[in-house]
Number of protein chains: 2
Amino acid sequence: MVNVFIRKLDAAGGLNETDHETLRRLSSHDRLVPARQDLIREGDRTETVYLVLSGFACCYKILPRGRRCISGLMVPGDFCDPRASILDEMDHSIATMTDCTVVEIPRQTMWRLIEDHPRIAHAVCWSMLVDGAVTREWLIGIARRLAPERMAHLFCELLLRLRAVGLAASNEYALPFTQSDLADMLGLTPIHVNRVLRDLRSRGLIVLSRRRLRILDEARLIAFCSFNPNYLHRIPVIDRISTEKAMNDY
Amino acid sequence: MVNVFIRKLDAAGGLNETDHETLRRLSSHDRLVPARQDLIREGDRTETVYLVLSGFACCYKILPRGRRCISGLMVPGDFCDPRASILDEMDHSIATMTDCTVVEIPRQTMWRLIEDHPRIAHAVCWSMLVDGAVTREWLIGIARRLAPERMAHLFCELLLRLRAVGLAASNEYALPFTQSDLADMLGLTPIHVNRVLRDLRSRGLIVLSRRRLRILDEARLIAFCSFNPNYLHRIPVIDRISTEKAMNDY
DNA sequence: CTGACACACTAATATATGTTTCGCATTGAT
DNA sequence: ATCAATGCGAAACATATATTAGTGTGTCAG
């Protein structure tokens with residue numbers, strides 16, 4: 001298996017082979033966690049940082065009426081904020097959504113890593129900033145985008161995030177979520193997620209079956225939701241010209 | 001004027017008088033910026049960190065249809081992420097909402113400050129983490145809270161944030177926003193903000209007039225929106241018992 | 001093979017919020 | 001004093017999404 005952790009941090013730039021080796025050693029002691037299991041709960045003291053090597057995890061909170069609200073998604077290569085131990089207690093929970101391979105990194109190990117490896121520290125810092133930008137973009141989507149665009153936007157974001165770690169074939173990737181999961185991410189009801197999926201399908205933008213998402217026309221999907229990848233802070237992987245062309249078609 | 005910057009970072013704990021002096025020197029060269037002026041624009045390279053000493057500023061983005069979406073609020077004492085210069089370019093803009101006193105801190109000065117003053121570095125780090133938690137809480141509110149609760153939640157949050165820097169009398173503070181501003185923060189239309197304000201007023205929870213918000217019954221307001229201040233990571237300033245009592249009334 | 005269960009799908013209805021439109025008050029400039 | 005600009009208040013209407021209530025389908029334990 002490719003080391004998604006290295007792939008992810010490499011996007012920040014500046015890592016050399018020694019750093020790669022360090023990261024490889026760090027992520028060698030992994031552990032399997034079954035789907036739908038809490039890794040950390042709101043209120044816990046945080047002593048370890050979690051790194052996801054395979055599968056999907058999420059940050060969530062349970063609201064008074066018992067509804068779950070997912071405030072962030074962790075795809076392979078992602079890890080939770082190593083600075084969290086500065087805070088008294090977690091203000092949200094983290095749980096696996098699918099079976100996951102995770103690495104538990106003790107707080108001290110993480111701090112030492114950052115102290116001793118300036119280039120890795122830089123990359124980790126970059127990753128944290130991107131995570132913040134993603135959260136803001138989700139906020140914006142829920143605040144101002146209609147459900148179909150919002151979902152299309154999520155699919156575009158995941159395409160880029162998964163591509164960055166080598167987990168998306170040209171226009172297709174595993175999307176092992178139930179419609180309820182999607183609802184909790186998008187701030188919708190499962191029923192409406194179903195309707196919106198039908199809508200996107202009938203527009204010929206996507207096909208979602210057997211837990212795989214196929215994007216039929218990337219440029220049109222991007223245009224449909226006015227997706228601007230700048231907040232992911234990566235070298236653009238997307239064919240801008242064809243995107244702009246499709247923009248005008250709308 | 002009290003130094004709100006010091007008050008704010010003090011909430012992280014651990015600062016001594018020397019640190020206070022350092023921070024005082026840092027924030028001595030301030031500058032007046034009129035209301036509704038951009039400090040940084042999306043796409044800019046970030047060379048300076050902004051610190052707000054008085055007034056309100058916000059992080060925002062303009063969406064395709066020209067709508068503004070506010071993804072974060074800066075109250076006196078707040079500053080933008082000092083690590084931002086790691087990224088290639090800003091993914092959002094920052095603008096004043098009222099007349100503001102701001103301090104521009106060059107990137108290098110900020111890094112040196114953090115290198116040389118471990119306790120300040122710790123406090124800055126704490127502040128960044130809290131900012132992230134606030135963004136997540138806004139996301140959750142927009143996703144799952146109804147407009148009246150969402151607005152009440154914002155009012156509770158601001159009460160605590162302003163109290164922390166000494167800018168809220170027991171149950172009253174300056175709220176110098178237009179209804180349009182509130183709409184852009186809450187993901188609503190200005191018209192609906194008007195309706196919701198009327199609703200909160202008619203419930204006897206708040207009075208908003210002449211740009212000041214008065215909270216008539218703090219415990220009831222907290223109960224009304226199930227406000228849980230844990231995400232602000234401060235020593236609770238709120239009378240928990242009376243809050244829980246009011247919770248049961250609902 | 002069977003029941004239990006989770007999940008996908010659909011329809012009918014309800015409601016929170018958006019849209020459009022208008023009037024009024026305040027403020028500041030001329 | 002007059003006027004435009006801005007913000008607040010409100011009504012009528014439109015619509016995106018939620019709610020409620022169900023049907024069908026695949027999977028898995030027994």
Side-chain angles (χ1 to χ4, degrees), chain A residues 34-37 56 63-69 97-99 140-154 174-203 206-213 224-225, chain B residues 34-37 56 63-69 97-99 140-154 174-203 206-213 224-225:
Chain A
R36 299 181 186 284
Q37 198 109 15
F56 290 82
L63 292 194
R65 290 171 218 158
R67 307 184 79 177
R68 180 179 63 157
C69 184
M97 306 183 73
T98 64
D99 292 351
I140 287 166
I142 291 186
R144 293 293 187 206
R145 279 190 261 267
L146 297 180
E149 312 169 37
R150 200 188 307 167
M151 190 178 293
H153 201 277
L154 176 65
L175 192 85
F177 306 138
T178 67
Q179 296 186 351
S180 272
D181 291 333
L182 286 171
D184 291 339
M185 286 181 230
L186 296 166
L188 300 171
T189 54
I191 292 91
H192 201 58
V193 165
N194 187 289
R195 280 194 283 257
V196 170
L197 280 171
R198 199 197 317 167
D199 177 55
L200 294 181
R201 208 181 321 122
S202 77
R203 288 171 190 271
I206 59 151
V207 175
L208 175 56
S209 75
R210 319 174 92 273
R211 313 261 122 141
R212 283 195 77 79
L213 181 81
F224 175 70
C225 61
Chain B
R36 300 180 187 284
Q37 197 109 14
F56 290 82
L63 292 194
R65 289 171 218 158
R67 307 184 78 176
R68 179 179 65 157
C69 184
M97 305 183 73
T98 65
D99 292 350
I140 286 166
I142 291 187
R144 292 294 187 208
R145 280 190 261 268
L146 297 180
E149 312 168 38
R150 200 187 307 166
M151 191 179 291
H153 201 278
L154 176 65
L175 192 85
F177 306 138
T178 67
Q179 296 187 350
S180 272
D181 291 333
L182 286 171
D184 292 340
M185 285 182 230
L186 296 166
L188 299 171
T189 54
I191 292 89
H192 201 56
V193 165
N194 187 289
R195 279 196 284 255
V196 170
L197 279 171
R198 202 192 321 164
D199 178 54
L200 293 181
R201 207 179 324 123
S202 77
R203 288 171 190 271
I206 59 152
V207 175
L208 176 56
S209 75
R210 317 172 95 272
R211 314 260 121 139
R212 283 196 77 78
L213 182 81
F224 175 71
C225 61

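Side-chain atoms are counted along with the backbone in the values below, which use heavy atoms only and exclude waters and symmetry mates. Keep in mind that this is a model prediction, so the values were computed, not measured.
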Requested in this report: Kindly calculate the angle separating the two end axes of the helix from dC1(C)-dG30(D) to dT30(C)-dA1(D), each obtained from five base pairs, and round it to 10 degrees.
Outcome: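 Axis-to-axis angle, ends of the helix: 40°.
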Requested in this report: Kindly write out the residues that satisfy salt bridge (charged side-chain N to carboxylate O under 4.0 Å, His left out) with Arg68(A), not counting sequence neighbours, or none if the list is empty.
Outcome: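 Applying salt bridge (charged side-chain N to carboxylate O under 4.0 Å, His left out) to Arg68(A) gives Asp181(A), Asp184(A).
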Considering only distance and modelled atom types, tabulate donor-acceptor pairs under 3.5 Å from the side chains of residues 190-198 of chain B, sequence neighbours left out.
residue	atom	partner	partner atom	Å
His192(B)	ND1	Arg195(B)	NE	3.0
His192(B)	ND1	Arg195(B)	NH2	3.2
Asn194(B)	ND2	Gln179(B)	OE1	3.1

Close side-chain approach of [X] to [Y], heavy-atom, < 4.5 Å:
{"X": "Met151(A)", "Y": "Leu146(A)", "result": "no"}
{"X": "Leu200(A)", "Y": "Leu208(A)", "result": "no"}
{"X": "Thr189(A)", "Y": "Arg67(A)", "result": "yes"}

Query raised in the report: What are the 5'-most and 3'-most nucleotides of DNA chain C lying under 4.0 Å from any heavy atom of chain B?
Result: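 Reading along DNA chain C, I get dA16(C) to dT20(C).
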Closest non-hydrogen atom pair between [X] and [Y], with its separation:
{"X": "Gly187(A)", "Y": "Ile142(A)", "result": "N-CD1, 4.3 Å"}
{"X": "Phe56(A)", "Y": "Thr98(A)", "result": "N-OG1, 3.0 Å"}
{"X": "Arg36(B)", "Y": "Thr178(B)", "result": "NH2-CG2, 3.9 Å"}
{"X": "Glu149(A)", "Y": "Cys225(A)", "result": "O-CB, 3.4 Å"}
{"X": "Arg150(B)", "Y": "Arg145(B)", "result": "NH2-O, 3.1 Å"}

Query raised in the report: What does Arg210(B) touch in the nucleic acid at a heavy-atom separation under 4.0 angstrom: a base, only the sugar-phosphate, or nothing?
Result: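 Since no nucleic acid heavy atom lies under 4.0 Å of Arg210(B), the category is nothing.
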Query raised in the report: Looking across every strand, which nucleic acid part, if any, lies under 4.0 Å from Arg144(B) by heavy atom: base, sugar-phosphate, or nothing?
Result: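 The answer is nothing, as Arg144(B) stays clear of every strand by at least 4.0 Å.
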**Report entry** Nucleotide interval of DNA chain D bounded by contacts with chain B (heavy-atom cut-off, under 4.0 Å)
**Finding:**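 First and last nucleotides in contact are dG7(D) to dA12(D).
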Query raised in the report: Between residues 177-192 of chain A and DNA chain D, which residues have a heavy-atom gap below 4.0 Å?
Result: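 Close to the strand are Gly187(A), Leu188(A), Thr189(A), Ile191(A), His192(A).
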Query raised in the report: Starting at the 5' end of DNA chain C, which residue's closest nucleotide do you reach first, Arg198(A) or Ala143(A)?
Result: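 The residue closer to the strand's 5' end, by nearest nucleotide, is Arg198(A).
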**Report entry** Side-chain donor/acceptor of Asp99(A) to backbone N/O of Ala35(A), under 3.5 Å
**Finding:**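 Yes: the side chain of Asp99(A) pairs with the backbone of Ala35(A).
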